Amino acid sequence: MHPLFLFLSFVALLSALGVVFAKNPVHSVLFLILTFFSLSGHYLLLNAQFLAAVNIIVYAGAIMVLFLFVIMFLNLNVDTEPHKPAMAKVAAAVAGGSLLLILVAALKDVVPTGAVINSEFNSQIGMVDQLGLKLYTDFLLPFELASVLFLVAMVGAVMLGKREAGERNF
């Protein structure tokens with residue numbers, strides 16, 4: 001395996017564990033940003049430059065700013081956090097352990113090939129033009145259905161947010 005892949009995987013796993021186990025929510029968001037950057041490195045190794053750029057711009061940029069805003073807006077304190085019963089902690093541990101067991105069972109027979117056949121290798125596969133061609137030829141119907149779904153959600157949000165003539169918002 002490529003040493004850069006191993007390093008990025010190590011960083012991604014460590015920072016993902018940091019997201020889960022960090023006591024401070026701001027530190028958890030910073031670990032999540034580090035996770036997104038390491039995943040962008042994986043995208044670059046897979047020759048998907050567009051996905052790497054979108055991952056950094058959209059997720060590590062805009063979404064993380066939104067997360068930080070919400071965390072600081074909520075003003076989360078340890079004093080106001082409700083105490084979780086021991087049964088909930090045990091149930092969470094059992095659910096996490098069973099998920100790990102299922103993942104290990106599903107991936108135990110996976111054989112990494114690592115071999116690339118030069119006659120079938122396309123160096124332009126991760127570029128924007130190839131993505132656009134694939135999106136607008138093979139996946140045109142799901143793309144249009146998603147755009148209609150977003151349009152309906154936007155119209156619904158406008159209708160819910162619209163004030164009536166005599167209504168006051170405090």
Side-chain angles (χ1 to χ4, degrees), residues 1-74 76 88-89 91-151 153-154:
M1 282 195 207
H2 199 272
L4 187 58
F5 171 79
L6 293 175
F7 173 73
L8 287 172
S9 300
F10 179 74
V11 169
L13 288 174
L14 237 54
S15 57
L17 287 174
V19 169
V20 175
F21 293 118
K23 298 288 184 189
N24 189 345
V26 175
H27 293 158
S28 183
V29 168
L30 292 176
F31 278 123
L32 190 58
I33 291 172
L34 184 60
T35 305
F36 283 143
F37 272 105
S38 61
L39 290 178
S40 293
H42 280 103
Y43 288 142
L44 288 175
L45 288 177
L46 290 170
N47 199 26
Q49 297 86 359
F50 177 71
L51 284 178
V54 167
N55 190 29
I56 289 174
I57 292 169
V58 173
Y59 289 108
I63 302 296
M64 288 301 108
V65 168
L66 181 66
F67 280 3
L68 281 174
F69 175 74
V70 168
I71 287 171
M72 291 180 180
F73 184 70
L74 292 177
L76 300 174
K89 292 179 182 178
V94 168
S98 62
L99 177 65
L100 178 67
L101 184 68
I102 290 169
L103 285 174
V104 168
L107 297 175
K108 71 177 170 59
D109 294 330
V110 173
V111 179
T113 59
V116 176
I117 301 170
N118 287 333
S119 63
E120 296 177 7
F121 182 72
N122 184 4
S123 65
Q124 299 296 314
I125 197 70
M127 298 298 178
V128 180
D129 58 345
Q130 294 295 319
L131 180 67
L133 282 173
K134 194 74 166 166
L135 184 66
Y136 289 120
T137 55
D138 297 340
F139 298 102
L140 183 62
L141 181 65
F143 179 76
E144 291 298 326
L145 289 176
S147 65
V148 169
L149 179 68
F150 286 139
L151 179 65
M154 186 172 57

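Predicted, not measured: the structure shown is a model, and the values here were computed from it.
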Q: Please name the pair of heavy atoms, one in Leu32 and one in Val19, separated by the smallest distance, quoted to 0.1 Å.
A: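 The answer is N-CG2, 3.3 Å.
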
Q: Considering non-hydrogen atoms only, spot the tightest contact between Val11 and Ser38 and give its length.
A: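 Where Val11 meets Ser38 most closely, the heavy atoms are CG1-CB, 4.1 Å.
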
Q: Could you name each residue pair satisfying side-chain hydrogen bond (donor to acceptor under 3.5 Å, both in side chains) that touches residues 8-22, not counting sequence neighbours?
A: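 Listed by first then second residue: Ser9-His42, Ser15-Thr35.
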
Q: Could you state the interatomic distance from CG (Leu46) to CZ (Phe5), rounded to the nearest 0.5 Å?
A: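 Nearest 0.5 Å value for the CG-CZ distance: 8.5 Å.
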
Q: How many angstroms lie between atom CD1 of Ile33 and atom CD1 of Ile56, to the nearest 0.5 angstrom?
A: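 Result: 11.5 Å between the selected atoms.
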
Q: Find the distance between CG (Asn55) and CG (Leu39) and round it off to the nearest 0.5 Å.
A: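 Going from CG on Asn55 over to CG on Leu39, the span is 6.5 Å.
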
Q: Just how far is it from atom CD1 of Ile57 to atom CD1 of Ile63, taken to the nearest 0.5 Å?
A: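 Nearest 0.5 Å value for the CD1-CD1 distance: 13.0 Å.
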
Q: Working to the nearest 0.5 Å, report the span between CG of Asn24 and CZ of Phe31.
A: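 If we round to the nearest 0.5 Å, Asn24:CG and Phe31:CZ are 10.5 Å apart.
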
